[in-house]
Amino acid sequence: QVQLVESGGGLVQAGGSLTLSCAASGFIFRSYGMGWFRQAPGKEREFVAAIIWSGVRTSYADFVKGRFTISRDNAKNTVTLLMNRVEPEDTAVYYCARSGSGKIYTTQGMYEDWGQGTQVTVFS
């Protein structure tokens with residue numbers, strides 16, 4: 001069965017950095033695009049970043065461009081989200097997800113499997 005396990009969340013000061021990781025299993029990881037989404041209290045889940053199957057192309061939400069970096073290691077079945085210059089508005093539960101193909105998608109409906117989420121809290 002497909003499993004996506006996020007880790008690396010925690011408490012971080014505004015302006016600092018944090019790295020989230022997602023360990024994947026139960027499918028041929030290198031064949032699928034992967035994404036990161038987040039959900040803050042009282043808000044809908046929103047797109048953060050995505051990466052194509054090969055890792056050579058990425059996509060980012062406007063509010064994280066220039067601050068966050070998504071990457072993947074197909075030999076280790078992992079995808080990461082490097083968060084720099086975090087802001088209090090970045091506070092949310094972050095989820096990794098598997099898309100239905102090797103392409104990049106920015107909408108939740110194009111993703112088929114989801115991790116349990118990891119909490120990121122930014123304080124100032």
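Given the structure is predicted, the values throughout are model-derived calculations rather than measurements.
Residues I51 and F63 are members of one and the same hydrophobic cluster, defined by side-chain heavy-atom contacts under 4.5 angstrom among Ile, Leu, Val, Met, Phe, Trp and Tyr. V64 and V12 end up in the same hydrophobic cluster when Ile, Leu, Val, Met, Phe, Trp and Tyr side chains are linked at under 4.5 Å. There is a path of hydrophobic side-chain contacts, each under 4.5 Å, that joins Y60 to V120.
Under the side-chain contact (heavy atoms from CB on, under 4.5 Å) criterion, T107 pairs with M110, sequence neighbours left out. Considering only residues two or more places apart in sequence or on other chains, S25 meets the side-chain contact (heavy atoms from CB on, under 4.5 Å) condition with Q3.
How far OG of S7 is from OH of Y94: 15.0 Å, rounded to the nearest 0.5 Å.
By the 4.5 Å heavy-atom criterion applied to side chains, V79 and W36 are counted as neighbours. In this structure, T78 and S21 have side chains that are not in contact, with every pair of non-hydrogen atoms separated by 4.5 Å or more. T91 is listed as a side-chain neighbour of Q119, based on a closest heavy-atom distance under 4.5 Å. In this structure, Y95 and Q39 have side chains that are in contact, with non-hydrogen atoms separated by less than 4.5 Å. The shortest distance between side-chain heavy atoms of D90 and R38 falls below 4.5 Å. Side-chain contact check for E112 versus Y32: every heavy-atom pair is 4.5 Å or farther apart. The shortest side-chain heavy-atom distance between I28 and W53 does not fall under the 4.5 Å cut-off. Using a 4.5 Å heavy-atom cutoff, the side chains of F123 and Q13 are in contact.
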*Please step through side chain to side chain contact (heavy atoms under 4.5 Å, CB included) for the pair E44 and Q108, ending with a clear verdict.*
CA-CA 11 Å; E44 297 295 317; Q108 296 94 323; 5.7 Å; no

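Minimum interatomic distance between T80 and S71 (heavy atoms only, all atoms of both residues): OG1-OG, 2.6 Å. Considering every non-hydrogen atom in both S54 and N74, the closest pair reads CA-ND2, 4.3 Å. Pairing each heavy atom of L4 with each of A97, the nearest pair is CD1-CA, 3.8 Å. Taking each heavy atom of S99 and Y111 in turn, the nearest pair found is N-CD2, 3.3 Å.
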